[in-house]
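Taking it in order: structure first as structure tokens, then the write-up.
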Amino acid sequence: MSTNDKQMIMGNQAIALGALKAGVNLCAGYPGTPSSEIIEFISKYKEKTGTYVEWSVNEKAAVEVAAGASYAGSRTLVTMKQVGLNVASDPVMCLSYVGVKGGMVIVSADDPGPISSQTEQDTRTFAQFSKIPCLDPSSPQEAFEMVQKAFELSEKYSTPVLLRPTTRVDHAYQSLEMPELLQSRSKGEFEKNPNRWVIFPRLSFANHKKIFERNEKVLPKEFSQEEYKSFNNIEKIDLSFVEEKSSTDRKSISFAAGGISYAYLKEALTIIKNENPQNIQIQSAKILKIGTPYPFPEPLAKEFLNETEQVIVFEELDPVIEEKLIFICGKNQLKTKIHGKLDETVPCAGELSVEIIKNIILQKTGIPNLQENQKEKIDLPVRPPVLCAGCPHRGAFYAVKQAMKGKKTVYCGDIGCYTLGNASPLDMTDTCLCMGADITMAQGFYHNEPDRFCFSFIGDSTFFASGITGVVNAVYNQSHQTICILDNSTTAMTGHQPHPGTGVTMMGEIVEKISIPKILEAIGVSPIIEVNPFDLEKSIEAVKNATQSEGVSAVIFKSPCISIASKLGYKFSGAKKVENTKCLACKKCINELGCPALVLSEETNSKGKNFAAIDSSLCTGCGLCTTICPVNAIE
């Protein structure tokens, strides 16, 4: 890459570039939308920079791998989505007290909505809980700059630093000047010092006092100074709103925002100014921009609050900025009125947008919304997520459903593409809590209702990430359950990343595949039956045989994700067709499988019933539908 070369860069790529420019030595993480592209982009430049890159088995392992290198003095980056921070919280909390030597930045990507996550948890709140500084970028450019600053901050105060981009920053594109990427920094060398690196109560007590001093006194002042002005600042926008009141009644309204909400606010104010020129006067409204939500830049915020009567706070997820401003007002006996989530001025959940913020401002100021009746409201059709045509998970779910007809069952699901097994007509996911919970929750169901057939569904990547301990617990505590491992040879939902069972690492090394059957056998699972989910008859038989076991059994449904099957050498016969001369128009194939390639034909039989049809643009030729047609009309 050469300098002065501008390109459109995704937010996650900007974070990767910032880390590479900072000379990062080691990057580890676990795939999770919206963070996955960071490590994948860094991996492209590993030969050029000498950076070590890995997809770790889970987020906890990633943090611990990075901690080892950081203790030695090397710079490390860890990436995950916000729920992954829960998995990593044990080492992260301890690192907060022990500290680091080489800069360590933990990227925890939040997912307001949520769009592809279980929860709407806020990494800024976790930062306060863990006492770790947190930076919150509002754009890809700022994310690029913040990750570099985060490494400096980490090394200055010997602490991990959290970077908290949200989905719309991670996946936004912006024109960035491409940096020149050189070799990563010289690797550090570990120096033994048990008094520093071995965590004991006495060490934690001493460091707790230092952390308190840093977070409550030192960093709030530092974050309010010129060095951080691009992240935290008071911006005069020369804009105020004229209400139909006398000038003596008019109250000044200013704004506070952080992250992507700051970008939304700026755009909303521009639109309001352009749409309502007659209602705008050049006055003195201000925006308090917060890029370091923890520790909070209190001196800067106090200066801002001293100059305004009302503040509307725009932020996604928790009212972090809002609560801090209220606290500062109370502490300093300021009469500034703070509006936000707590008084229901701003929605308490979900994403914000330019339109939402614009409407809140107009409503609060009394300016008429001139565009409200000019836009035609269109109700978009609902498009629920569905398993792909040719997905092997469909065959696995259908086989279990057929094998257990009429039985008292519970089907515990997990996080991945196969969560979509909950949708009709399969309806094969009764619970889904978090990664790995399918195996352990099934145990709870069994111990509570021993007469219930308890199933768990888990993918191959999730099995390695968080399923193995659950299997150990099941065998040790004498559970009776059947574990269905949906082995599609990839981490499909997050972008087909490799895992320990694929035999490939992010460094491009070909390694021995870790065998799921051998792991299960070593733990004591029996029987362990491997079957192709597209072979319906054998799959049904395998499930029935597995459930006859008195203990923990497993059925491994092994067939590659349809998106990568051709790369792995798998071939199907091509799109199937429905022979109308045979079709009964019973719709069994449509009503029982839920494959998106199966549709109703416009042609009808003599009774006016529509034949089934197959969309050849979607059909992969997996053949599952051919096995359930009662008259062999699908060929």
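No donor-acceptor pair closer than 3.5 Å links the side chain of R168 to the backbone N or O of I260. The backbone N or O of T409 lies less than 3.5 Å from a partner atom in the side chain of R452, making a donor-acceptor pair. Q443 contributes a side-chain N or O that, together with a main-chain N or O of G470, makes up a donor-acceptor pair within less than 3.5 Å. Judged by distance alone, with hydrogens and angles left aside, the side-chain atoms of D110 form no donor-acceptor pair with the main-chain N or O of T166 at under 3.5 Å. Between the side chain of S35 and the backbone N or O of T79, no donor-acceptor pair lies under 3.5 Å. Without hydrogens or angle criteria, E120 side chain to G350 main chain gives a donor-acceptor distance under 3.5 Å. A donor-acceptor pair under 3.5 Å is formed between the side chain of K81 and the backbone N or O of S116. Proximity of a side-chain donor or acceptor of N12 to a complementary backbone N or O of P34 within less than 3.5 Å is detected. A donor-acceptor pair under 3.5 Å is formed between the side chain of S549 and the backbone N or O of G551. For Q118 (side chain) and C432 (main-chain N/O), no donor-acceptor pair under 3.5 Å exists by modelled atom type.
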Chi angles and distances behind the side chain to side chain contact (heavy atoms under 4.5 Å, CB included) call for W55, T505: CA-CA 7 Å; W55 282 126; T505 72; over 6 Å; no

Evaluation steps, side chain to side chain donor-acceptor pair (under 3.5 Å), between S479 and N477: CA-CA 6 Å; S479 180; N477 286 299; over 6 Å; no

Candidate pair M507 and V53, rule side chain to side chain contact (heavy atoms under 4.5 Å, CB included), full reasoning: CA-CA 6 Å; M507 293 300 289; V53 189; 4.3 Å; yes

Verdict with supporting geometry, E142 and V169, side chain to side chain contact (heavy atoms under 4.5 Å, CB included): CA-CA 10 Å; E142 192 167 55; V169 172; over 6 Å; no

Residues K401, E592; criterion side chain to side chain contact (heavy atoms under 4.5 Å, CB included); working and verdict: CA-CA 10 Å; K401 188 173 186 176; E592 294 192 8; over 6 Å; no

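Test T462, T431, T429 against D414 for side-chain contact (heavy atoms from CB on, under 4.5 Å) and you get one pass: T462. F397 pairs in a side-chain contact (heavy atoms from CB on, under 4.5 Å) with only one of the listed residues (L426, D427, L593), which is L426. F557 pairs in a side-chain contact (heavy atoms from CB on, under 4.5 Å) with only one of the listed residues (D487, N488, V400), which is V400.
Between the CG atom in L624 and the SG atom in C589 there is a gap of 10.5 Å [rounded to 0.5 Å]. Rounding to the nearest 0.5 Å gives a distance of 9.5 Å between CG of D122 and CD of Q82. How far CG of L486 is from CD1 of I483: 12.0 Å, rounded to the nearest 0.5 Å. In this structure, the separation between CD1 on I106 and OG1 on T123 is 10.0 Å, given to the nearest 0.5 Å. Rounded to the nearest 0.5 Å, atoms OH (Y52) and CD1 (I42) are 13.5 Å apart. Here the SG atom belonging to C484 is positioned 9.0 Å from the OH atom belonging to Y411, to the nearest 0.5 angstrom.
Checked by atom type, the side-chain pair Y294/S130 shows no donor-acceptor distance below 3.5 Å. For the residue pair K576/T626, the side-chain donor-acceptor check at 3.5 Å is not satisfied. T482 and S553 form a side-chain donor-acceptor contact under 3.5 Å, judged by distance and modelled atom types alone.
A salt bridge links E449 to K408: at least one charged side-chain nitrogen sits closer than 4.0 Å to a carboxylate oxygen.
Annotation: side chain of M435 is not in contact with side chain of V87 (no heavy-atom distance under 4.5 Å). Side-chain contact check for L317 versus Q121: every heavy-atom pair is 4.5 Å or farther apart. Within the 4.5 Å cutoff, no side-chain heavy atoms of T490 are placed close to those of P560. Under the 4.5 Å side-chain criterion, counting only non-hydrogen atoms from C-beta, Y71 is in contact with V98. No side-chain heavy atom of V78 sits under 4.5 Å from any side-chain heavy atom of V107. Side-chain atoms of V320 and T125, non-hydrogen and from C-beta on, do get closer than 4.5 Å to each other. Using a 4.5 Å heavy-atom threshold, the side chains of M506 and K46 count as separate. The closest side-chain heavy-atom distance from C454 to H480 is not below 4.5 Å.
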Let me have the donor-acceptor pairs involving side chains of residues 515-537, under 3.5 Å, with sequence neighbours excluded, atom names and distances please.
| residue | atom | partner | partner atom | Å |
| --- | --- | --- | --- | --- |
| S515 | OG | K518 | N | 3.1 |
| N532 | OD1 | F534 | N | 2.9 |
| D535 | OD1 | K538 | N | 3.3 |

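Smallest separation of non-hydrogen atoms from G390 and T620: CA-OG1, 3.3 Å. Contact record, R394 with C388: NH1-O, 2.9 Å, taken as the closest heavy-atom pair. Residues E59 and M80 share a closest heavy-atom pair of CG-CB, 3.6 Å. Counting all heavy atoms, side chain and backbone alike, E351 lies closest to E316 at CA-OE2, 3.4 Å. In plain terms, the two heavy atoms of G258 and D136 that are nearest each other are C-OD2, 3.9 Å. Shortest non-hydrogen contact noted between C561 and H496 is SG-NE2, 3.4 Å.
Residues satisfying the side chain to side chain contact (heavy atoms under 4.5 Å, CB included) test with S154, not counting sequence neighbours, are V100, M104, V161.
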